[in-house]
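In the text below, chain A, chain B and the rest are named by the order of the sequence lines, each starting its count at 1. Side chains are part of it too, since the values below use all heavy atoms of this structure and drop only hydrogens, waters and symmetry mates.
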Amino acid sequence: MPSPVLNDKRWSIDLEKRIQEAHTVDPQVYARRYAFKPDSGKELFVIDTPPPYPSGTWHIGAVAQYSMIDVIARSQRLLGKEVFFPWGVDRNGINIEFTVEKNTKRKMKTYDRAEFIDMCRETIETFTQAMRKTAKRVGLSCDYEREYLTDSPEYRTVTQSIFIELFKNGAIIEDLRPNIYDPVEGTTIADAEVERLSRKTRLVDIAWTCDDGTEIVISTTRPELICACGVVAVHPDDERYTHLVGKTIELPMPVEGRSTSVQVMTHNSVKSDFGSGVLMVCSFGDQNDVAVFRELGLTPFQAIDLDGKLTEIAGPFAGMKVIDARNAAIEYLEEQGKLVNVVEREQEIPVSERGKNPVEIILLKEWYVRQTHAQDRIREHLEDMEFHPPRNKQFLLDWMDNISIDWPISRRRWYHTEIPIWYSEDGEKIIVPPSGTYVQPWREGPPQDSQVLDRTTRELLGIFADMESELGRIVGEEKVFDTWMDSSNSNLFVSGYLNHPEVFERAFPTALRPQGKEIVRTWLYYTLLKSNLLLDKPGFKHVWIDGLGMDPWGRKMSKSLGNGIDADSVLECGAGGRTGSWKVKGPDKTVSLRANKIGSECFRLWKACDAQVGDDFHINPEEIEKKYFGVLTKLFNVARFASQFEIPENLDTNPGNLAVEDRWILAEFDATMDTVRQSWEKLDIYTATQALKTFGTGVLPSHYLEMVKSRLYDGDMSAAWTLHRIVRDFMSAFTPVCPFFTHHISETLYNRSAVDIDAFPETADASVALGTEGGDHLRNLSNLLQTFNGDTWNTKKEQGISLNQPISGLVIPEELSEFTAILTRMHHLE
RNA sequence: GGGCUCGUGGUCUAGGGGUUAUGAUGUCGCCUUCACAUGGCGAAGAUCGAGAGUUCGAUUCUCUCCGAGCCCA
């Protein structure tokens, strides 16, 4: 008997790793396969890869999502597109600042700014390396040579240039507005960065006195803010207080430099059933206060400063931290006999997402991207974008419905892109660098060819070199951008904006934005906003929004729950014969999970066909192995079986003398391949993979191979041609999901790697293709054929005969008369 | 409190106004059969979360409730 060309007895993790290493060993080969070649003449397909944020370990759910982005990248190459699958790393931001602060046990602002920035860069570099290793291990076919870092001068230049562009066209403005502020980290944050935490707070009832002597009780959790009270409000329908409306009411605490009383007015937002039904409105206790101040046209007070301490209007409490001032205020009120009641209760308070610090709303002069006016236009652009799955578009629409204020983009942090502005001494003119230059105004002066603009009208006044003498002492902006200001340029950057205009022309709108649903309101929304404000275009052709990777019980993985599963442990499971085991805290008890072999190919296969895109998915290594490693084993063995038979010289040309069963399986294969091709075109990974799996582990081995085995052993070249043609094309179509597996098989058997195929395989036998009469006829017999085989196996089993023993008395159905010869031979019918 | 998802054999999952409700895994039974026992063949296993409504007909559409998750206030 001939021996198989595929040496290994079965697919293994060590084999997978060997193939993977060989795959990346030659940079030129790698580049030929995966580098972006915009001049190849093919249609461009640029993927706006989510640049991961390096922070120790990479979340396994994100790794799973990325592997699916890779499936899309590879499937688009298979369809003949020129794919740019960039590898970017998001390195700006407060996370890395926190890491350095934690490592050195020193707050950022105690450092020299330049020194701190260097420390951040060094620290993040080590994380970046680890992340790239995982990316390669899971098989991402990114163009790593063109790696971009969002903290590189090249990337930051784009951010700064876009800012200047938007400032000039009026989409970015500077204004004094109430801002959400994190006093501990000392920076403004956006709406999207606020979350809520449940904490114990004291709700205090305070007695206030009106000018007519009436005493009323007001409940509040923020007594320290009485000094910033602008108005006392009751609901217009609340008859208990009608008589008080318009009266003046005395503040129950001493204040400095402001009136000691306020008016009682009505407002619809007051909840009559909360406390006494009377509300003190302070600048600013919460977002509602902001709205009331705006609607009633009141001038806000600055009660809290940038350090989170009360200002001088707080009189005796000035200079105290908010929490100390609160305690002191309660004590004071008690002494004065104005404290009616105190209740301790659970309340959800707004905190910053990163630092978990209670946030304050304070008045600050900041930079804003105007966005409320752009919503309708963005909606129009959305019509031209295809969402996968369509229902996940709703996350975006809901968020857009809630947008009521502009986007504050300036932050008082350091490891971010600098706002590229200098101010003239009189503060009336600003200096901005020329497009394409990266500047750091906190430590350098403007380039000579910078432009001087009027700060309010944005009118161009001249060139810096000519005007330097009349500007006085120039001050560089110290503030930086919100990191989303960087991230939301990613599609522009990877498509060639500014750096490669001729590519950008063809590549924008960017072909694909793949991402998780948890960052729809930030990354996706801000990107679309930018593309709209800058170019008035939709940002993408396709938006692909995947669900989140959850623990085996469907809960979010988190350190505190102890239910995390490390990505590397899954990818390395089985390497060197080492099994994997995981201790995961379940809802009731800690569960031990075990698996012998997983690896990248099995992991990818699992993600590709375990659930449709967009749904949250449960990650359980035990199940991944149980359900999908067998699929790989099966497919490998089909190929290994085939590999022992002669491979016809010309697999591309149909020999023309095929037996009916050969033509039948080719008819079935053509239908499968048609589904696969269409699914790859629609970015439908699930359907494509399911179709391949069903064919490759089902009808092909169970029915066709059983049928033609004896012909193959007899050296029948028609059967060999059919089988090899199918195996070869199958590997090509399957390569997006399991690139190393298919690479190995196709290279070993056919001297041509499946990963190099850049045209979807053509029909092997045109006479049985989808839509032909001959093909339909054969496909219609499939069920009957498979049922007959099943019945025959069953009958043998019932009669206690082994499958290769002859059997008599079975009748082949009339419709299958064409198959009489082969079925008789297959089952040893007598 | 509001919004959006999701609830289908033990477990995971497909589907969708009329189907014997898909597939996998697990369970059980049989089979060393010349690619594969990390396998093959077969069997059992689901009142499609609960209730009401629309309909000739609902697991599918609508509503209410229950449960899970995410997001927001």
Study note, to complete from the structure: Whole-Å distance, A:L548 CG to B:rC70 P, equals 8 Å
Identify the pairs formed between an N or O of the protein and an N or O of nucleotides 2-6 of chain B at a distance under 3.5 Å, and give each distance.
residue: B:rG3; atom: O2'; partner: A:D398; partner atom: OD2; Å: 3.2
residue: B:rC4; atom: O4'; partner: A:D398; partner atom: OD2; Å: 3.4

Point to revise | Separation of B:rU38 P from A:K597 NZ (nearest whole Å) | key: 9 Å
Would you list the protein and nucleotides 22-29 of chain B atom pairs, both N or O, that sit under 3.5 Å from each other?
residue: B:rG29; atom: N2; partner: A:K797; partner atom: NZ; Å: 3.2

Point to revise | Whole-angstrom distance between B:rA24 and B:rU13, as gauged at atom P | key: 16 Å
Exercise for review: Would you mind checking if A:R578 and A:E572 are paired as a salt bridge, meaning a charged N to carboxylate O distance below 4.0 Å?
Suggested key: no
Review point. Heavy atoms under 4.0 Å, any strand shown: does A:R640 hit a base, just sugar-phosphate, or nothing?
Key: sugar-phosphate
Point to revise | Check ion pair A:R677-A:D674 (N to O, under 4.0 angstrom) | key: yes
**Study point:** B:rU27 to B:rG17 separation - P atoms, rounded to the nearest Å
**Key:** 36 Å
Exercise for review: Please measure how far the P atom in B:rA46 lies from the corresponding atom in B:rU22, and state the result in whole Å.
Suggested key: 13 Å
Practice item. Sticking with atom C1', work out how far B:rA44 lies from B:rG26, rounded to a whole angstrom. Key: 13 Å
Point to revise | Atom-to-atom span, CG of A:D551 to P of B:rC70 - whole angstrom | key: 10 Å
Practice item. Salt-bridge test for A:K517 and A:D546: reply yes if a basic N is under 4.0 Å from a carboxylate O, no otherwise. Key: no
Practice item. Starting from C1' on B:rG39, measure out to CD on A:E706 and report it in whole angstrom. Key: 11 Å
Check your understanding: Taking the side chain as C-beta and beyond, is there a heavy-atom pair between A:P4 and A:F645 under 4.5 Å?
Key -> no
Review point. Is the side chain of A:Q375 donor-acceptor paired with the backbone N or O of A:Q371 at a distance under 3.5 Å, no angle test?
Key: yes
Exercise for review: Give a yes or no on whether the backbone of A:H703 and the side-chain of A:Q786 come within a donor-acceptor separation of less than 3.5 Å.
Suggested key: no
Review point. Hey, which of these two, A:F629 or A:P552, hits RNA chain B nearer its 5' end, going by closest nucleotide?
Key: A:P552
Point to revise | Distance, P atom - from B:rG9 to B:rC65, rounded to whole angstrom | key: 24 Å
**Study point:** Residue whose closest nucleotide on RNA chain B lies nearer the 5' end, A:K709 versus A:T697
**Key:** A:K709
Review point. Between atom CD in A:Q644 and atom C1' in B:rC36, what is the gap in whole Å?
Key: 11 Å
Study note, to complete from the structure: By ring pair (Phe, Tyr, Trp, His ring centres under 6.0 Å), A:F741 pairs with (sequence neighbours left out) A:W11
Review point. Taking atom P in both B:rC48 and B:rG18, what distance in whole Å separates the two?
Key: 14 Å
Check your understanding: How close or far is atom P of B:rC12 from atom CG of A:L593, stated in whole angstroms?
Key -> 14 Å
Study note, to complete from the structure: So side chain to side chain donor-acceptor pair (under 3.5 Å) across residues 630-639 of chain A, not counting sequence neighbours, yields none
**Study point:** Any side-chain heavy-atom pair of A:Y181 and A:V359 under 4.5 Å
**Key:** no
Exercise for review: Applying side chain to side chain contact (heavy atoms under 4.5 Å, CB included), name anything that partners A:K709, two or more places apart in sequence or on another chain.
Suggested key: A:F641, A:E706, A:Y713
**Study point:** Shortest side-chain distance from A:W793, nucleotide among B:rG40, B:rA37, B:rC41
**Key:** B:rC41
Point to revise | Secondary-structure notation, RNA chain B, from Watson-Crick and G-U pairs under 3.5 angstrom (| other strand) | key: (((((((..(((.....[....))).(((((.......))))).....(((((..]....)))))))))))).
Point to revise | Same-atom distance (P) from B:rC61 to B:rA14, integer angstrom | key: 15 Å
Review point. Distance between the C1' atoms of B:rC66 and B:rC30, in whole angstroms?
Key: 44 Å
Review point. Judged by atom type as modelled, is there a donor-acceptor pair below 3.5 Å linking the side chain of A:R604 to the main-chain atoms of A:V737?
Key: yes
Exercise for review: Describe the nucleic acid contact of A:V638 in one word from base, sugar-phosphate, nothing, applying a heavy-atom distance below 4.0 Å.
Suggested key: base
Review point. Within this structure, what is the CG-to-C1' distance between A:D714 and B:rC34, rounded to whole angstrom?
Key: 13 Å
Review point. Using a cut-off of less than 4.0 Å, is there contact between a side-chain N or O of A:S702 and OP1 or OP2 of B:rC41?
Key: yes
Review point. Salt bridge between A:K585 and A:D551, side-chain N to carboxylate O under 4.0 Å?
Key: no
Exercise for review: From the options B:rC71, B:rC12, B:rG40, select the nucleotide whose nearest atom is closest to the side chain of A:E623.
Suggested key: B:rC12
**Study point:** Length of the CH2-P vector between A:W606 and B:rU13, whole Å
**Key:** 11 Å
Check your understanding: Taking C-beta and beyond as the side chain, do A:W544 and A:V613 meet within less than 4.5 Å on heavy atoms?
Key -> yes
